Amino acid sequence: HLGHCRYTGIHNFKSIIFSVTMDRKEFTQLLKAGKVQGAYLFEGVEENIKAATLQSLRKAILPEGMEELNESVMDAPATDAIIAACETLPFLADKRLVIVRDHPALTGRSDADEKLLSYIPNVPESAVLVFLCRGKADARKKLYKAVQKHGTVVSFAQLNDVELNQWIIRSFGSMGKQCAPQTASLLAFTVGNDTALLRTEMEKLAALTGERTDILDEDVRAVSTRSIECTVFEMVDAVVAGQEGKAFGLLRDMLISGSDRIGILAMLLRQYRLLQHVKIMQFEKKSAQELKQNLGIAPFAAERCIRQAQAYSGREVKQAVDICLNTEYRIKSGQMNQEGSLEAAMLEIFALRHQRRQA
């Protein structure tokens, strides 16, 4: 069995407990090998890939045309209903698929009853039981531990930068399009790392490029919907360039789209803290590669941070961080109204550049 196993025995082999947790790649290997059986828990923040993996599981174990006869999908059902579905023999198929969505014993305050907990190791070979959880499940719950001990927890964590780029390139390939790694990185930076949103934007790009095979950087810049993080990057670019009109225009767009000033201020603070990290690492004579790795953000974003930091002295970046922190404190302590607070902070940051030119 793939995954990570935990050995708790001392001298007695019977006390070995295999607590199995695997990622989506390991589960896919298991699926291809035809070794899927027993109870599973699908949990984690990557909902789009979780749904795609569940669909792959359906195709793998349910014969075409017999899907409805061999699948049970239930929302937070009673234990007896889960057991009855698992014990029902498949019709003209080797296995039944039983999907239990959002069981309260995995995320809520309630806990699973003993009947369900004792059934987890006894799911028949003729059934595959999947507990489907939106977001992360609570690992402290008895049901989670029972599935981990006697079945498999499959974790759908957020894709890292390399995985996300590979996913974008593969997904464009399935649409008959080609995408260079740099363009994939730009798209991820622009839209964010939510694969569901990315998929929508990719379909839009594929449609707009028509018969042209290649997806280009200018296509992404022209039509992709920008995430708040990307817009904050662009806003800082405008501040660095002294383009007050553009910076406040981007801020207005974010506010109109429903973002609140406190949230944008937090992201602005994060951005200037990243610039501060760049300045500190440059003072320590770190290489460009070390700078990118140590920032802990996507390579495309790291390169942009390094360019932005060149426009400031270390002292100015620290002052910008202090301005953001002071504004946040004054808002939260009731000394300043949220309305206009972010605009005032941005004007103070602009003033840092004006003071240098005057000096």
Side-chain angles (χ1 to χ4, degrees), residues 1-5 17-44 46-108 110-135 137 141-156 174:
H1 212 43
L2 298 169
H4 308 292
C5 300
I17 297 175
F18 289 101
S19 295
V20 184
T21 303
M22 62 176 62
D23 61 24
R24 59 192 175 276
K25 293 180 181 178
E26 292 170 316
F27 179 80
T28 300
Q29 292 173 15
L30 202 67
L31 191 59
K32 289 178 179 178
K35 295 181 179 179
V36 174
Q37 60 183 22
Y40 292 86
L41 166 60
F42 283 12
E43 63 97 35
E46 188 42 81
E47 301 295 342
N48 184 55
I49 295 179
K50 190 188 300 179
T53 303
L54 183 62
Q55 187 59 30
S56 297
L57 174 60
R58 283 192 177 104
K59 289 182 179 179
I61 67 173
L62 300 178
E64 189 174 354
M66 297 290 174
E67 295 90 347
E68 291 186 11
L69 297 172
N70 291 293
E71 181 182 34
S72 297
V73 182
M74 298 176 280
D75 293 300
T79 295
D80 287 343
I82 297 173
I83 294 174
C86 291
E87 294 295 326
T88 301
L89 291 174
F91 180 73
L92 298 179
D94 293 328
K95 295 181 185 294
R96 281 185 60 79
L97 178 59
V98 180
I99 300 170
V100 178
R101 297 191 297 205
D102 295 321
H103 197 291
L106 288 166
T107 56
S110 61
D111 228 328
D113 55 55
E114 289 301 321
K115 189 174 183 179
L116 178 57
L117 297 175
S118 62
Y119 185 72
I120 298 302
N122 297 306
V123 175
E125 291 185 6
S126 60
V128 174
L129 172 60
V130 177
F131 291 96
L132 188 63
C133 179
R134 277 179 294 183
K141 293 289 188 178
K142 291 180 180 179
L143 182 54
Y144 184 102
K145 292 177 181 177
V147 176
Q148 186 182 45
K149 178 178 175 181
H150 300 291
T152 306
V153 175
V154 186
S155 178
F156 292 84
S174 68

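Just so you know, these numbers come straight off a predicted model, no measurement behind them.
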Quick check for you: to the nearest 0.5 Å, what is the distance between [X] atom [atom1] and [Y] atom [atom2]?
X      : Y      : atom1 : atom2 : answer
Ser118 : His150 : OG    : NE2   : 9.5 Å
Asp111 : Leu117 : CG    : CG    : 7.0 Å
Thr79  : His103 : OG1   : NE2   : 5.5 Å
Leu106 : Arg134 : CG    : CZ    : 12.5 Å
Lys145 : Leu41  : NZ    : CG    : 14.0 Å
Arg24  : Thr53  : CZ    : OG1   : 8.0 Å

Less than 4.5 Å apart, any side-chain heavy atom of [X] and any of [Y]?
X      : Y      : result
Glu43  : Phe156 : no
Gln37  : Lys95  : yes
Leu31  : Gln29  : no
Ser56  : Thr28  : no
Tyr40  : Leu30  : yes
Ser72  : Ile99  : no
Leu143 : Leu116 : yes
Asp102 : Leu132 : no

Can you check whether [Y]'s main-chain N or O pairs, donor with acceptor, with [X]'s side chain at less than 3.5 Å?
X      : Y      : answer
Thr152 : Gln148 : no
Glu67  : Arg58  : no
Lys115 : Ile83  : no
Asn70  : Arg96  : no

For [X] against [Y], the heavy-atom pair lying closest together:
X      : Y      : value
Met74  : Ala85  : CE-CB, 3.9 Å
Val147 : Ala39  : CG1-O, 4.1 Å
Ala76  : Pro104 : CB-CD, 3.6 Å
Gly135 : Glu47  : N-OE2, 2.6 Å
Cys86  : Ala127 : O-CB, 3.5 Å
Ile120 : Ala146 : CG2-O, 3.7 Å

> For the residue pair Phe131 and Phe42, is the inter-centroid distance of their aromatic rings smaller than 6.0 Å?
Replying inline: no
> Does any donor atom in the side chain of Ser155 or Asp23 lie under 3.5 Å from an acceptor atom in the other side chain?
Replying inline: no
> Are a donor atom and an acceptor atom from the side chains of Glu114 and Tyr119 found within less than 3.5 Å of each other?
Replying inline: no
>> Please evaluate residues Val128 and Val98 with respect to the criterion side-chain contact (heavy atoms from CB on, under 4.5 Å), reporting the C-alpha separation (whole Å), side-chain torsions for both, the decisive distance (0.1 Å), and the verdict.
In response: CA-CA 6 Å; Val128 174; Val98 180; over 6 Å; no
>> Would you say CD of Gln55 has more than 12 non-hydrogen atoms from neighbouring residues, nucleotides or ligands within 6.0 angstrom?
In response: yes
> Would you say Asp94 has more than 12 foreign heavy atoms packed within less than 6.0 Å of its CG?
Replying inline: no
